[in-house]
Number of protein chains: 4
Amino acid sequence: MSLPAGQPKFRRRKADRPDEIVAAAFEVFAEKGFAAARLDDIAARAGVSKGAIYLYFATKEDIFQAVVEQGVAPNLHNLAALAAANPQTFPDLIRAFAKVMAHVASTTPIGGIIKMVIGEARNFPELARVWHDRLIVPALGALTGAIAAAQARGEIRPGDPRHYAAGLISPLLVGVIWRETFTPVGAEPFDLPALMEQHVETQLRGMVP
Amino acid sequence: MSLPAGQPKFRRRKADRPDEIVAAAFEVFAEKGFAAARLDDIAARAGVSKGAIYLYFATKEDIFQAVVEQGVAPNLHNLAALAAANPQTFPDLIRAFAKVMAHVASTTPIGGIIKMVIGEARNFPELARVWHDRLIVPALGALTGAIAAAQARGEIRPGDPRHYAAGLISPLLVGVIWRETFTPVGAEPFDLPALMEQHVETQLRGMVP
Amino acid sequence: MSLPAGQPKFRRRKADRPDEIVAAAFEVFAEKGFAAARLDDIAARAGVSKGAIYLYFATKEDIFQAVVEQGVAPNLHNLAALAAANPQTFPDLIRAFAKVMAHVASTTPIGGIIKMVIGEARNFPELARVWHDRLIVPALGALTGAIAAAQARGEIRPGDPRHYAAGLISPLLVGVIWRETFTPVGAEPFDLPALMEQHVETQLRGMVP
Amino acid sequence: MSLPAGQPKFRRRKADRPDEIVAAAFEVFAEKGFAAARLDDIAARAGVSKGAIYLYFATKEDIFQAVVEQGVAPNLHNLAALAAANPQTFPDLIRAFAKVMAHVASTTPIGGIIKMVIGEARNFPELARVWHDRLIVPALGALTGAIAAAQARGEIRPGDPRHYAAGLISPLLVGVIWRETFTPVGAEPFDLPALMEQHVETQLRGMVP
DNA sequence: GATGAATGAGTCTTCATTCAT
DNA sequence: GATGAATGAAGACTCATTCAT
């Protein structure tokens, strides 16, 4: 409890605490779900006492909100980046979109977030609403819009552009869910970037007139 | 040692009590997840007392297992029916497959089951294993095999047949999850049969040489 | 309820039911104690339904009372028989007393009753009172009186006659408790008649002037 | 998810909490038996909340085991002390033994422990086994051995030495049980030291040739 | 600020008791 | 009379939350 003078190295500063707690909480919530998650587990994994958590969060639900919040923010950035990048042709747009998404799906813990959103949507409708309104509708809407525009230019066959969009990105979602759900019990994993590359090329070939 | 209440009790008695309990439990588990589900809720929704549940199930977990079990069985039948039907050409096979699956997805509560499997896979690994081994691997394997066979006949372009299979059915899964997750908070629903019809035709067009 | 004329053998009559229930209850109570005894066990062991018990007894406690009652009655008879028999000399009285008691202790389930009385005395003080007042005080009192009389005649050395009485019969009680408590876990049993014979002779030798 | 009460809490905190709980539990178990004992009672008597008990013991059975354990240990010490003391003659050995035992029986709560052992032996056979193996067999064995040795030296008449041993100490046990069972309902108590002194002298007189 | 012992409302589970059949 | 499915009050145990230190 008292700090030895000459041991500077692993002295954590209190400013990091909330993030560490949220990180630990994310792991536990993603693994167990909200109700089955134990504050003891979170505290232990964060390396703090249970009481310390309450210095930064008022309730378990608040921690959960913070976890989800931290899952939304970076993806918003990804979206913005995607929107900023502006490839010339529609196929390149789709390829770039899929590539970035596959990379994100492969390298970030977004799978845990998605699991939580799916699993807790009914217990925390606000959570589902935030994800839907701030991430999914914009993303899906942008994709749908791009498809509709390409259709207007005659580059894409007729058809419901929203269905085209869903057909394009669904394998990514399923791949992420697969990794969270079945890989831990021995299922053969999917190579998401490879899956998406093949899928996008197939889709594009099927979508052009 | 316990005080008699004085209210009327006992309404009926039946051999299908267990099914009523499982049905009620399915609703509650699908809505809340395992941990957040309350036996009181299940009992109330089944129209029985909490104690009555324990005449048929030893633990909450047993009820959960029974719920999942009842979600596996009918789908096994669907699979078998699919295998029995044997359309002449590969595209017709895929079309038939997608049609049946879209119908099942639209008319059965499989979405709730899938939510439960995703949400509780880590807490009940056996559950994930059963689903993976008995339903998903056979179904995905059959589809993958059919694709590989069509590739061998030159009817389908080269490419990882498992990735093709995933690309084909993913929108269905996503559609079901969407319905469970976002529709309750106001999201625009997907017309699964229509989505799948368009998706399959697009995929087929993209898959042929 | 009606006795078929030609099937006399295994037709239980309702008049036997209470006794069968009490007998079954005795086994279960003696083994588990009152609180840990299950009416299901009792019903099963008595070969009746749980509901049937309530045709004859209003509560679990009533069954317990009946069990204890049935344990008191026969011993009262034994006491009376002892009192009726009137050997000539004091040593013969003691010998006869010890012999009868050892026989009873060896051949009746009185051990279970005693265990119940000891174990439940605090939860059912009335039970302890009945045993004390109706069995123990009379028996111990008679023995003490006989000893005091013998002392008055100069046949027994001075000393507290109640202590002499306790010293005489204690090994019997301990032997019975031993059988109920330690023999089931592998303890070497006591041969109660032999133990009592040796003990009585030793005591008598020590008690005479 | 739980509503804060608003009353003052937390009074003290100590390392000897477990001992206080065991002490309280001993009283309740000795009075009610294991099954009828309520954790609420134990908690209230220990001056802690029900939840606090679970900081120190995992289950009700663990508390029970701890209670019994604490009843074994001191008696083991008594035994060792008895063995260490080595009077010259056999009668003095017996007198010392009886005196110490009577003192222990009169001044310690061993009666409650014995009641528990007798009452719960069938529900917790391990409990009976521990007492038998670690306390009773050594004690009874030592006494029996001393008697046999004295017989070999011709100081004691022939006869089963184990029966002699049982005859010597039984009144002590019965006295303790009497105190627990009948004294609370108004029975005349026994003066254990006086009883034992008279009993031992009587026995010794009867045992010598 | 941090800790972790303590709290107590809430949950699963049991079982004596009831009553429709 | 008998049955046993059903009840519901109560008990063991959990865990988010609090607060003395």
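Chain letters run A, B, ... following the sequence lines, proteins first, then strands; residues in each count from 1.
- Checked options B/Lys50, B/Lys32, B/Lys60, B/Arg45; the residue passing with B/Asp40 is B/Lys50 (criterion: salt bridge (charged side-chain N to carboxylate O under 4.0 Å, His left out)).
- Within the 4.0 angstrom heavy-atom criterion, no nucleotide atom of any strand lies near B/Ala43.
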message: Reading 5' to 3' and counting Watson-Crick or G-U wobble pairs with both distances under 3.5 Å, write the dot-bracket notation for DNA chain E, | for bases paired outside the strand.
response: .||||||||||||||||||||
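- Atoms CD1 (B/Ile53) and P (E/dC15) sit 17 Å apart, rounded to a whole Å.
- C/Ala36 comes within 4.0 angstrom of nothing in the nucleic acid, heavy atoms only.
- Rounded to whole Å, the distance from CZ on D/Arg17 to C1' on F/dA20 is 13 Å.
- Put simply, CZ on D/Phe64 is 16 Å from C1' on F/dA12, counting in whole angstrom units.
- A straight line from CZ of A/Phe57 to P of F/dT18 spans 15 Å, rounded to a whole angstrom.
- Phosphate contact (OP1/OP2 of F/dA12, side-chain N/O of D/Arg38, threshold under 4.0 Å): present.
- Residues A/Gly51 and C/Ala58 both approach DNA chain E. Their nearest nucleotides, taken by heavy-atom distance, put A/Gly51 toward the 5′ side.
- Residue A/Lys50 is in base contact, counting any heavy-atom pair closer than 4.0 Å across all strands shown.
- Taking 4.0 angstrom as the limit, C/Tyr54 places a side-chain polar atom (N or O) nearer than this to OP1 or OP2 of E/dT17.
- One interatomic measurement links the two molecules: CG of D/Leu39 to P of F/dA12, which rounds to 4 Å at whole-angstrom precision.
- Residue-level contact check: B/Leu55 touches the bases, meaning some heavy atom is under 4.0 Å from a base atom.
- The side chain of B/Ser49 approaches F/dA6 more closely than any other nucleotide in the set E/dA6, F/dA6, E/dT13.
- Closest heavy-atom contact between D/Ala52 and D/Ile21: O-CD1, 4.5 Å.
- Atom CG of A/Asp41 and atom C1' of F/dT14 are 13 Å apart (whole Å).
- Out of F/dA16, E/dA5, E/dT13, the shortest distance to the side chain of D/Tyr56 is found at E/dA5.
- The list of side-chain hydrogen bond (donor to acceptor under 3.5 Å, both in side chains) pairs with a residue in residues 115-128 of chain A, not counting sequence neighbours, reads A/Glu120-A/Asn123, A/Glu126-A/Arg129.
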